Amino acid sequence: MHQTNNFLFNSLNNQQLQAVKHVYGPLLVVAGAGSGKTKALTHRIANLIEGNSIDPYNILAVTFTNKAAKEMKGRLEVLLAQELAFNQFGQPWTTLKEIDQNQLRTNVHQERLQNLWIGTFHSLFSRLLRYDIEKYTDPEGLKWTRQFSIYDETDSQTLVKEIISQDMSLDPKRYDPKKIKRLISNAKNQCLTSNDLLEKAENNFDKTVAEAYKRYRISLSKNNSLDFDDLLLLPVFLLRQNDIVRDYWHKRFKHILVDEYQDTNRTQYELIKLITAGNTEPKKFFNWEDRSIFVVGDADQSIYSFRAADFRILIGFQEDFKTSINDDTNSSLIKLEENYRSSSNILDAANSLIENNSERIDKVLKATKEKGELLTLLSCDDEISEAEAITNKIKSLNNYNQNPIWKNFAILYRTRAQSRVLEESLVRWRIPYTIFGGLRFYDRREIKDAIAYLKVLVNSSDNVSLLRIINVPRRGIGKTTIQKLNELSNRLNIPLWEVLNDKQSLEETIGRSSKGINKFTEVMNDLLCYLENSGPAQLLQLILEKSGYLSDLLSSGTEESEDRRNNLQELINAATQYEEETESGDVEGFLSTAALTTDNDTKKNNPNSVTLMTLHNSKGLEFQNVFITGLEQGLFPSHRSIDTPSLLEEERRLCYVGITRAKERVFLSHARERRLWGGMREATIPSIFLSEIPEDLIDGELPQTGGASIRRDLHLDRLTRVDRNNPNEFVNKPINAVRKLYSGPSKGKSWIVGDKLIHSKFGKGEIIHIFGSGEKISLAVKFGDKGSKILDPRLAPIRYVS
DNA sequence: TTTAGCGCGGTTTTT
DNA sequence: CCGCGCTAAA
């Protein structure tokens with residue numbers, strides 16, 4: 001036991017130690033970037049199990065990403081294996097052979113962690129639903145079975161679109177299904193029902209959304225399906241409704257841990273609270289005698305409010321979970337403020353930046369590392385020279401190494417659209433790179449097709465999947481046929497699948513077209529015979545063969561179809577792996593995994609390559625060198641955020657996240673001109689964030705390569721037309737130029753009627769009138785098609801042009 | 001029933 | 001510029 005304690009405790013600082021030793025009651029750990037929060041989490045779980053003899057069966061550990069869950073699981077495994085190493089071999093972990101280490105990890109995995117629930121919100125609660133969903137009846141009488149399908153964004157989009165245009169006969173142009181889906185999703189994430197929405201409705205549009213929500217829900221139930229949001233919302237309703245179920249999970253999960261608590265939404269919060277409170281509501285205080293809730297988060301890294309995450313939940317934690325004893329010894333807040341990742345210059349820059357936000361928990365990250373290098377500002381002509389400047393930097397920093405180490409570099413951007421130019425530059429210089437995000441493995445067409453077959457076999461009510469595959473491969477079943485059958489199904493109130501199997505009705509309604517349908521149902525009924533006794537891997541194999549999907553691919557013989565076949569083989573491998581990892585190897589479970597897995601964690605990347613990703617994707621990661629690109633008003637911060645303070649603060653947090661990813665070097669780049677989507681070249685204004693980092697922490701640099709020479713190399717003549725002769729104040733004096741823009745033209749520049757200027761949001765404009773005088777002037781500016789605005793020159797993001 | 005061609009719109013997105 | 005959804009024609 002003492003050995004255990006050493007393992008778990010001796011590498012921790014004071015605050016981490018306090019967190020790790022916490023056992024009962026509520027605890028909020030405010031963990032700044034790079035302060036060792038995963039360490040605190042994993043060591044605490046290990047200490048619960050090893051130090052306090054708590055059964056892993058009673059622990060629930062929730063993360064937001066598969067990656068975080070995997071990481072936590074892995075590290076926990078090693079910690080417990082280290083303990084075991086002492087008991088079994090009597091020697092420290094590091095002296096063991098790798099094969100013994102792996103053996104121990106396997107032991108721990110199978111014997112100690114089998115019953116520990118650790119995973120994402122969505123995967124854990126879909127698991128809960130596979131147990132208990134049949135015990136839930138909606139107030140409207142809607143029901144689901146444990147074979148429910150999980151609809152991804154595309155599937156649910158299809159359903160909403162159908163409801164808007166067909167069910168409700170609305171014009172999809174006035175009622176954009178995407179927008180409506182987003183509003184419904186927002187409601188679901190805030191734990192609101194369609195009735196709640198109806199009560200809150202202020203106008204007809206709101207009422208329509210509420211109605212669409214209601215119908216969408218009915219439709220999901222008819223399909224025996226749930227969308228991502230339902231995986232959390234339905235458990236809330238279930239636990240509220242059913243005392244026995246709630247009591248069961250309450251008694252089971254005595255110790256709850258939540259990672260990235262600042263990213264929780266109302267629904268997730270309700271869920272956590274229901275399990276923690278159990279069967280004894282209403283009540284004011286929780287009974288912490290034999291239980292705990294331990295949440296870790298950082299309000300400064302809250303960057304998902306557009307998905308209804310609400311960091312005020314984190315700020316309210318202590319109030320929400322307070323104990324009846326109101327004493328000072330009951331400390332329910334610990335701050336981890338020592339940063340082990342970044343140089344102190346980088347941290348100073350990040351701290352200065354984030355201090356411009358008003359809504360925060362006060363917290364200053366303290367460096368444990370040396371000052372290090374200054375941050376570097378790369379002021380570039382345009383997006384091409386920005387990309388070139390970055391690749392140049394990467395190359396030159398690597399020249400000092402015999403073997404280039406590409407994996408030490410990350411290039412971060414606000415929008416995916418920015419990645420292309422960067423890629424082109426990396427390709428040109430033959431620098432290996434890995435781009436994150438993009439198409440998920442499970443979003444590929446052939447994968448979705450195969451999965452859809454599996455879904456229909458398990459859940460014949462799933463019409464979205466059914467209609468996806470009914471004519472894939474081609475069976476000559478067209479739109480009109482499907483429409484007729486759908487009508488029949490609705491009129492008789494018989495599931496579509498049963499209509500398809502009723503040969504007589506088919507003959508009567510669609511006549512000769514029933515041939516294709518019969519072909520389809522024959523295949524499906526044949527496959528159904530195998531459902532009982534086959535695992536997902538074998539089923540997939542059978543599906544691909546018997547449906548003719550595979551032979552269809554083979555006959556086309558293109559390179560693309562070759563790729564598809566490989567992907568399908570990959571899918572079967574994943575199913576096999578699932579069967580090996582889980583004892584039951586059940587199809588429903590595999591389908592959940594397939595729906596909830598992004599391949600960021602599974603795909604094999606070139607281990608030594610430059611990383612390209614969005615700033616959002618970079619959260620939780622770290623790199624030696626980080627490039628933050630496109631620091632321009634309207635791009636970063638994005639144009640949608642620029643005049644809404646709360647949104648601008650979120651952009652600032654995003655920038656903070658980006659900077660704090662870096663261990664050694666940060667490069668901040670902006671382009672003086674940029675074309676987005678190949679449109680017009682637009683003059684830009686440097687990002688306000690650049691002006692919020694102290695000048696003495698930034699080193700300005702003139703990029704070596706201008707965009708024009710590159711363009712000539714590429715023979716892109718039409719691009720070379722663009723000015724190179726224009727003397728560039730930013731290139732000559734990058735820092736000063738940036739600062740000048742924000743020190744306020746009212747000090748340096750006196751405006752006169754007729755001056756032309758550029759506004760970051762409204763674009764080019766001309767002063768048509770000046771109100772007031774001296775320091776207190778306002779400008780009336782006419783912006784082409786955007787109309788006229790009255791601006792305060794000291795505040796408005798404007799730049800003088802001519 | 002299928003496919004080619006045009007027009008429109010295009011932050012970020014753990015699941 | 002690129003990917004989509006819809007319409008027109010084969």
Side-chain angles (χ1 to χ4, degrees), chain A residues 62-70 119-126 150-154 156-158 161 165 172-173 176-178 182 185-186 188-189 226-233 259-260 262-265 267-268 301-309 383 412-421 424 436-440 442-443 471 474-483 513 516 592-601 613-621 630 634-642 647 650-651 653-655 657-658 675-680 716 718-719:
Chain A
V62 200
T63 65
F64 279 84
T65 63
N66 292 306
K67 202 161 152 196
K70 203 173 154 192
T120 64
F121 265 106
H122 291 84
S123 74
L124 294 176
F125 286 98
S126 69
I150 298 173
Y151 281 177
D152 64 21
E153 226 47 63
T154 326
S156 21
Q157 196 69 250
T158 309
K161 208 188 300 169
S165 54
K173 286 197 181 97
D176 175 18
K178 259 201 176 126
R182 213 190 57 232
S185 180
N186 243 310
K188 286 184 169 184
N189 285 323
L226 300 175
D227 66 17
F228 285 150
D229 305 321
D230 288 329
L231 296 178
L232 308 175
L233 188 60
D259 190 16
E260 307 277 18
Q262 78 282 356
D263 287 336
T264 46
N265 60 40
T267 305
Q268 290 160 333
Q301 292 186 67
S302 161
I303 53 174
Y304 284 105
S305 74
F306 67 94
R307 291 183 62 125
E383 74 278 2
L412 310 180
Y413 36 81
R414 180 65 242 264
T415 64
R416 289 199 181 285
Q418 290 167 255
S419 70
R420 257 200 43 202
V421 182
E424 278 164 13
F436 273 71
L439 197 61
R440 293 189 331 155
Y442 287 99
D443 283 341
N471 197 32
R474 301 254 131 82
R475 299 181 178 97
I477 302 166
K479 222 156 109 188
T480 36
T481 310
I482 288 168
Q483 203 176 348
S513 309
S592 287
T593 313
L596 301 175
T597 304
T598 47
D599 52 342
N600 278 350
D601 32 51
M613 55 170 62
T614 61
L615 283 137
H616 281 91
N617 265 323
S618 76
K619 195 167 78 160
L621 305 176
L635 184 58
F636 190 26
S638 89
H639 66 101
R640 319 267 285 242
S641 69
I642 260 175
L647 294 183
E650 176 142 325
E651 297 283 307
R653 291 193 291 270
L654 193 55
C655 190
V657 165
R675 73 172 76 217
L676 277 182
W677 335 277
M680 293 273 287
L716 294 176
R718 64 201 162 85
L719 296 180

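Order of the sequence lines sets the chain letters (A, B, ...), proteins ahead of strands, with each chain counted from 1. Computed from a predicted structure; not experimentally measured.
- The glycosidic torsion of B/dT12 lies more than 90° away from 0, which places this base in the anti conformation.
- A close approach under 4.0 Å does occur between a side-chain nitrogen or oxygen of A/Asn66 and OP1 or OP2 of B/dT15.
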Next item on the list: Apply side chain to side chain contact (heavy atoms under 4.5 Å, CB included) to A/Glu260 and A/Gln301, showing your working.
Entry: CA-CA 9 Å; A/Glu260 307 277 18; A/Gln301 292 186 67; 5.6 Å; no
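- Under a 3.5 Å cut-off, the side chain of A/Asn265 and the backbone N or O of A/Gln268 do form a donor-acceptor pair.
- Between the CZ atom of A/Phe436 and the P atom of B/dT14 there is a distance of 12 Å, given to the nearest Å.
- Rounded to whole Å, the distance from CD1 on A/Ile482 to C1' on B/dT2 is 13 Å.
- With sequence neighbours left out, the ring pair (Phe, Tyr, Trp, His ring centres under 6.0 Å) criterion links A/Phe64 to A/Phe121.
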List, with names and distances, any nitrogen or oxygen atoms from the protein found under 3.5 Å away from nitrogen or oxygen atoms belonging to nucleotides 4-12 of chain B.
residue, atom, partner, partner atom, Å
B/dG10, N3, A/Trp677, NE1, 3.4
B/dT12, OP1, A/Arg416, N, 3.1
B/dT12, O4', A/Arg414, NH2, 2.9
B/dT12, N1, A/Arg414, NH2, 3.2
B/dT12, O2, A/Arg414, NH2, 2.2

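- Regarding contacts with the backbone of C/dC2, a side-chain N or O of A/Arg420 is found under 4.0 angstrom from either OP1 or OP2.
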Margin query: The test is side-chain hydrogen bond (donor to acceptor under 3.5 Å, both in side chains); show your working for A/Gln418 and A/Thr415 and say whether it passes.
Written below: CA-CA 6 Å; A/Gln418 290 167 255; A/Thr415 64; 3.0 Å; yes
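- A/Leu615 comes within 4.0 angstrom of no nucleic acid atom, judged by non-hydrogen atoms across all strands.
- Here A/Thr481 lies in heavy-atom contact (under 4.0 Å) with sugar-phosphate atoms only.
- Phosphate contact (OP1/OP2 of B/dT2, side-chain N/O of A/Asn471, threshold under 4.0 Å): present.
- Residue A/Ile477 is the one, among A/Ala595 and A/Ile477, whose nearest nucleotide of DNA chain B lies closer to the 5' end (criterion: closest heavy atom).
- Nucleotide B/dT13 holds its C1' atom 15 Å from the CD atom of A/Glu260, rounded to whole Å.
- Summarising the geometry, the separation between CZ on A/Phe121 and P on B/dT15 is reported as 13 Å, rounded to the nearest angstrom.
- Atom CD of A/Gln418 is separated from atom C1' of C/dC2 by 16 Å (rounded to the nearest Å).
- Between A/Lys70 atom NZ and B/dT15 atom P there is a gap of 12 Å when expressed in whole angstrom units.
- The pair A/Asp227-A/Lys188 meets the salt-bridge criterion, since a charged nitrogen lies less than 4.0 angstrom from a carboxylate oxygen.
- Phosphate proximity of B/dT15 to A/Ser123: absent, as no side-chain N or O sits under 4.0 Å from OP1 or OP2.
- The CD-P distance, from A/Gln157 to C/dC4, rounds to 13 Å in whole Å.
- Side chains of A/Ser185 and A/Asp229: a donor-acceptor N/O pair is present below 3.5 angstrom, by distance only.
- Put simply, NZ on A/Lys178 is 14 Å from P on B/dT13, counting in whole angstrom units.
- The phosphate of B/dT2 (OP1 or OP2) has a side-chain N or O of A/Arg474 nearer than 4.0 angstrom.
- Side chains of A/Ser123 and A/Ser126: a donor-acceptor N/O pair is absent below 3.5 angstrom, by distance only.
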